[in-house]
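Order of listing sets the numbers, starting from 1, for every ligand and every atom in it.
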Amino acid sequence: MPGAGSAAGARRRGLLLLLLLLFAFSAPAAGFGSAKKAYMKEKVRKMFYHAYENYMAHAFPHDELKPLTKTFTDSLSELGNLKLEHLPQNYNGSALTLVESLSSLVILGNYTEFVKGVLWLSDNLRFDVDARVNLFECNIRVLGGLVSAHILATDSKSRLEHGLYKNQLLDLAKDLGQRFLPAFETPTGLPYAWINLKYGVMENETTETSTSGCGSLILEMGALSRLSGDPRFEAAALRALRKLWSMRSPLNLLGTNLDVVTGEWIEYSSGIGAGVDSFYEYLLKAYVLFGSDEFWEMFHSAYLAVQKYFRHGPWYHEADMRTGKATYWQLTSLQAFWPGLQILVGDIAAANSSHREFFYIWERFGVLPERYLLDHNMLHPTEKYYPLRPEFAESTFYLYQATKDPWYMKVGETIVNSLNYNTRVDSGFASIRDVTTMELEDHQHSFFLSETCKYLYLLFDDSFLADENYVFTTEGHPLPIKISWHEKLPAAYIPSNWTSLKGGNLAVGLSALSQQVCPATSSGLSISPQIESACHVPDLHSDHRCRIDDECGIDSSNCRKRVCSMAGYCGLWLFVL
Ligand SMILES: *[C@@H]1O[C@H](CO)[C@@H](O)[C@H](O)[C@H]1NC(C)=O
Ligand SMILES: *[C@@H]1O[C@H](CO)[C@@H](O)[C@H](O)[C@H]1NC(C)=O
Ligand SMILES: *[C@@H]1O[C@H](CO)[C@@H](O)[C@H](O)[C@H]1NC(C)=O
Ligand SMILES: *[C@@H]1O[C@H](CO)[C@@H](O)[C@H](O)[C@H]1NC(C)=O
Ligand SMILES: *[C@@H]1O[C@H](CO)[C@@H](O)[C@H](O)[C@H]1NC(C)=O
């Protein structure tokens with residue numbers, strides 16, 4: 001059943017589309033002729049500009065647009081910060097959405113606006129700010145945006161006059177990269193998840209990070225090193241990646257959360273979604289970008305392990321890295337990137353079958369819900385949102401590129417119509433808070449411009465890819481594949497002792513998340529005391545005593561509400577896996 005959104009969206013297109021459809025049906029490409037393609041491309045172009053121009057009008061130079069209230073949010077310091085702790089008092093944004101839009105402007109062919117943006121950032125963007133940011137988010141969005149835009153500003157297609165552009169974006173990227181380096185000064189070389197751009201690692205900073213948080217830095221930091229000639233960025237990211245890989249289990253599986261000081265796992269369960277996703281992505285893309293066999297060998301082993309332990313038909317569940325036993329049976333919106341990655345490996349049939357399942361869920365809800373419980377065949381009780389995520393559009397683009405099957409363009413059309421119908425408002429595009437009601441949330445994420453619109457546009461017009469090969473970062477920023485970056489580097493390029501490690505008195509400060517680990521239940525039904533997940537809600541009393549069910553929380557091992565037993569303890573009665 002097609003989503004209500006796409007049906008109504010189709011109605012609104014009116015007569016023009018009827019004419020186009022007649023044309024399309026007469027074309028040989030089984031339902032998606034060139035006029036239809038041009039029409040869809042124009043529709044996506046309008047979406048991007050609706051998002052971009054409203055950001056510029058109501059939010060720039062702040063970070064992101066709040067499209068319902070026509071205001072802004074300085075969200076760079078909030079990204080990944082669920083508890084909103086240590087927010088800066090005096091931070092006025094980093095023009096995040098503009099940084100994220102630059103490569104999309106080039107792909108849409110708008111060099112005039114690209115040049116304007118580059119020059120504004122060159123003159124105004126500064127990172128000497130008292131803001132604690134998430135290293136991973138800042139790396140993929142800001143560093144990646146700057147590095148990619150620098151390359152696009154200096155390539156032969158750019159209209160930037162040499163006199164105007166003196167590598168200012170690269171200088172900004174170098175400045176930012178240097179501010180990242182103190183995060184890597186840990187006994188393990190694994191970086192802290194958080195860094196204050198002005199002051200470095202904060203006192204009592206949490207030592208907990210995620211696999212993707214410390215394992216997906218190599219594309220941006222490697223590119224920065226190759227462009228700047230300063231090997232420290234690539235060395236730091238590579239050292240962290242090697243350490244992380246050394247922590248894999250004998251099954252070649254990794255967990256989701258770990259401690260950067262002790263190098264021990266905190267969360268042993270993992271899958272291909274949140275907290276892990278871009279780790280796999282970057283192993284393969286690093287191989288494509290830098291050509292080193294080391295990345296391919298890591299990726300190959302990791303990929304085989306994923307297919308062996310996480311895959312269940314077209315679905316991917318999570319598993320415990322130590323045993324390979326299934327833990328959570330959940331589909332998450334972030335997992336939808338996986339078929340795209342499988343296209344890069346050449347695993348088209350597997351990509352196609354998973355993509356179809358995601359499309360089925362998309363059609364059922366009109367968008368992809370954040371989390372869907374496969375074992376109970378229902379939405380996750382709290383994670384019912386859709387924040388304009390790109391992953392499904394991304395995979396659709398890759399599948400079309402690999403197969404040229406016009407069916408994927410029809411999928412793209414469904415996505416475009418659904419986004420316009422459900423999320424477009426007068427001043428931009430709003431996130432969806434609840435996919436069952438389509439209630440909106442006042443936030444236009446920067447990745448809507450850097451990824452969602454970009455991949456949809458590339459689906460209908462891939463002329464940007466005509467004369468150069470690119471790797472897209474996990475934030476959708478293109479990096480060209482250069483033969484010179486594949487050349488074997490001298491051994492001295494990455495010395496093993498480049499960093500001054502701090503002394504051994506680093507406090508192990510666990511975050512609130514890690515301290516919420518469920519105790520093993522007395523019934524012995526808990527899968528593992530270490531396992532926790534985003535649905536976890538602790539019991540009201542820390543000794544787990546209760547009088548009524550409402551005093552009990554939600555069990556992290558299966559996202560079920562705990563109930564109050566006859567003996568007065570919170571526990572699990574219904575146990576299904
Ligand atoms: C942020 O803006 C406020 C109000 O315009 C200004 O007083 C403050 O100095 C600015 N802070 C920074 C870091 O630029
Ligand atoms: C480029 O972007 C600007 C700002 O959104 C817009 O006014 C202009 O029409 C765009 N140019 C093209 C060729 O699309
Ligand atoms: C850091 O933790 C120590 C020990 O818990 C505490 O005494 C100190 O006040 C904390 N410092 C900050 C800045 O939070
Ligand atoms: C994708 O799956 C569909 C449905 O099973 C099938 O008809 C189609 O041929 C597949 N395409 C590819 C490229 O595997
Ligand atoms: C790193 O090691 C090399 C060779 O072992 C040595 O020559 C160099 O001085 C060391 N550098 C630092 C910063 O310790």
Side-chain angles (χ1 to χ4, degrees), residues 30-31 38 41-63 65 71-74 76-77 87-98 100-120 123-133 149 152 157-160 196-199 313-315 339-340 342-360 363 395-411 427-429 444 449 453-454 457 461 463-464:
K41 163 186 154 177
E42 181 58 20
K43 206 163 175 175
V44 178
R45 211 183 63 83
K46 285 196 179 124
M47 285 169 74
F48 175 82
Y49 283 112
H50 186 63
Y52 178 76
E53 286 170 1
N54 277 294
Y55 162 74
M56 292 305 279
H58 305 296
F60 171 79
H62 294 277
D63 285 336
L65 171 68
T71 52
F72 58 83
T73 155
D74 284 321
L76 184 60
S77 58
L87 288 182
Q89 304 295 312
N90 188 15
Y91 169 67
N92 295 328
S94 305
L96 176 64
T97 300
L98 176 61
E100 289 257 73
S101 296
L102 292 177
S103 61
S104 298
L105 285 167
V106 168
I107 288 175
L108 267 64
N110 195 337
Y111 279 100
T112 318
E113 191 67 14
F114 172 71
V115 169
K116 242 172 88 180
V118 168
L119 296 179
W120 188 91
D123 290 344
N124 296 284
L125 187 59
R126 297 294 174 264
F127 295 117
D128 191 31
V129 284
D130 180 10
R132 174 182 177 261
V133 298
L152 296 169
K157 280 176 284 180
S158 169
R159 316 272 160 82
L160 262 172
N196 183 297
L197 290 176
K198 192 176 184 127
Y199 301 116
W315 304 111
Q342 292 188 305
I343 290 300
L344 292 182
V345 202
D347 212 344
I348 296 178
N352 182 43
S353 69
S354 291
H355 178 267
R356 302 238 162 196
E357 300 295 337
F358 280 107
F359 185 47
Y360 169 75
E363 285 194 302
S395 280
T396 305
F397 155 71
Y398 280 106
L399 270 150
Y400 178 72
Q401 284 291 320
T403 62
K404 300 287 175 194
D405 182 342
W407 185 80
Y408 296 105
M409 288 201 173
K410 292 186 178 168
V411 173
S427 302
F429 285 83
Q444 176 182 284
L449 293 96
C453 290
K454 181 183 281 145
Y457 186 85
D461 180 355
S463 50
F464 174 73

Min side-chain heavy-atom separation Y91-D63 under 4.5 Å | yes
With a cut-off of 4.0 Å, which atoms of ligand 2 are near a heavy atom of E53?
-> 4 (C), 5 (O), 6 (C), 7 (O)
State, with a plain yes or no, whether a side-chain heavy atom of H58 is found less than 4.5 Å away from one of F72.
-> no
What about R356: any of its N or O atoms under 3.5 Å from an N or O on ligand 4?
-> yes
Among the heavy atoms of R45, does any lie under 4.0 Å from an atom of ligand 2?
-> yes
Do any N or O atoms from the side chain of H50 and from the backbone of G428 form a donor-acceptor pair under 3.5 angstrom?
-> yes
Under 4.0 Å from one or more heavy atoms of N110, ligand 2 contributes atoms 1 (C), 2 (O), 3 (C), 8 (C), 10 (C), 11 (N), 12 (C), 14 (O)
Side chain proximity check, H62 to T73, heavy atoms < 4.5 angstrom = no
Polar pairs, ligand 1 vs protein, N/O only, below 3.5 Å.
unit_1	atom_1	unit_2	atom_2	d
ligand 1	2 (O)	N92	OD1	3.2
ligand 1	2 (O)	N92	ND2	2.3
ligand 1	11 (N)	N90	OD1	2.7
ligand 1	11 (N)	N92	ND2	2.8
ligand 1	14 (O)	N92	ND2	3.4

Which of the numbered atoms in ligand 4 are below 4.0 angstrom from a heavy atom of T403?
-> 13 (C)
Ligand 4 and N352, any nitrogen or oxygen pair closer than 3.5 angstrom?
-> yes
For the ring pair W120 and F60, is the centre-to-centre distance below 6.0 Å?
-> yes
With side chains defined as the heavy atoms from C-beta onward, is the minimum distance between K454 and S103 less than 4.5 Å?
-> yes
Any side-chain heavy-atom pair of V129 and K198 under 4.5 Å | no
Flag side-chain contact, heavy atom, 4.5 Å: H355 against V411 = yes
Close N or O approach (Y52, ligand 2; < 3.5 Å) | no
Is the closest side-chain heavy-atom distance between L105 and F48 below 4.5 Å?
-> yes
